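Remember, predicted model here, so these are calculated numbers, not experimental data.
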Amino acid sequence: MPSGAPTKEDIEEYLQKVRDSIDNHRFHISMNPKRPDNRAFFATYCCTEADAAAICRGLTYRDFSKCEPSRNQYNVGQLLYFFGKKVSLNKRIDDGTGEVEVDIYIKFDLKQSGTTICVSFHQATFPINYYFNSHAD
């Protein structure tokens, strides 16, 4: 991303790279034990990794929240991109609520190799602030 404020075009260009990684089977959702929220999300909701990839594939600049440098010592210089998406899902254990609206917090690390690591894919624990204020329309 160029220096300065991100534009809609910058975000769409970034998302196209994420879509390319999905199409080329170079997209992975982190199930690292250090990411218990991701594991809990897939245990709670009827959402497969393929469903999650489809949700990520459908993101637009309107879903963008922010980007910031990685705090991982092995990713110095990498930017992480944050998105949010509201989707309807069923819970794995039927509690009588049926389909529920879930705000999903999504964080990507797009590697130089063209592989995308979806570092976070789970229910948002805080309200998501959308950079382009698109969800307030």
Which class fits the ring pair [X] and [Y]: parallel under 30°, tilted 30 to 60°, perpendicular over 60°?
X	Y	value
Phe64	Phe132	tilted
Phe83	Tyr14	parallel
Tyr45	Phe41	tilted

Nearest-0.5 Å distance that lies between atom [atom1] in [X] and atom [atom2] in [Y]:
X	Y	atom1	atom2	value
Asp103	Ile128	CG	CD1	5.5 Å
Lys66	Leu80	NZ	CG	10.0 Å
Arg35	His122	CZ	NE2	7.5 Å
Glu101	Ser88	CD	OG	3.5 Å
Ile55	Phe121	CD1	CZ	4.0 Å

Quiz item: Looking at Lys107 and Asp109, does any basic side-chain N land under 4.0 Å from a carboxylate oxygen?
Solution: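 Salt bridge absent between Lys107 and Asp109.
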Quiz prompt | Ionic contact status for Arg57 with Asp23, cut-off 4.0 Å | solution =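 Salt bridge between Asp23 and Arg57, a charged N being under 4.0 Å from a carboxylate O: yes.
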Quiz prompt | Atom CD of Gln112 with >12 non-hydrogen neighbours under 6.0 angstrom | solution =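 No - once you tally the heavy atoms of other residues, nucleotides and ligands closer than 6.0 Å, there are 12 at most.
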Self-check item: Greater than 12 external heavy atoms within 6.0 Å of Asn129's CG
Solution: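 Not more than 12 within 6.0 Å, no.
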Quiz item: Can you name the closest pair of heavy atoms from Ala5 and Tyr131 and give their distance?
Solution: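 Closest heavy-atom pair between Ala5 and Tyr131: CB-OH, 3.3 Å.
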Quiz item: Hey, does Ser120 have a side-chain heavy atom less than 4.5 Å from the side chain of Asp37?
Solution: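 No, every pair of side-chain atoms sits at 4.5 Å or beyond.
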Self-check item: Ile117 and Lys111: CA distance, side-chain angles, deciding distance, side chain to side chain contact (heavy atoms under 4.5 Å, CB included) verdict
Solution: CA-CA 8 Å; Ile117 306 298; Lys111 303 290 188 183; 4.0 Å; yes
Quiz item: Any donor and acceptor pair, going by atom type alone, linking the side chain of Asp51 with main-chain N or O of Thr48 inside 3.5 Å?
Solution: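 Pair found, side chain donor or acceptor close to backbone of Thr48.
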Quiz item: If only atom types and distance count, is the side chain of Arg19 paired as donor or acceptor with the main-chain N or O of Leu59 below 3.5 Å?
Solution: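 Yes, because the side chain of Arg19 sits within donor-acceptor range (under 3.5 Å) of the backbone of Leu59.
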Quiz item: Would you say the side-chain atoms of Ser21 and Arg26 include a donor-acceptor pair closer than 3.5 Å?
Solution: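 Arg26 and Ser21 do not have a side-chain donor-acceptor pair below 3.5 Å.
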Quiz item: Stepwise, does the side chain to side chain contact (heavy atoms under 4.5 Å, CB included) test hold for Ile11 with Tyr81?
Solution: CA-CA 9 Å; Ile11 301 308; Tyr81 284 67; 4.1 Å; yes
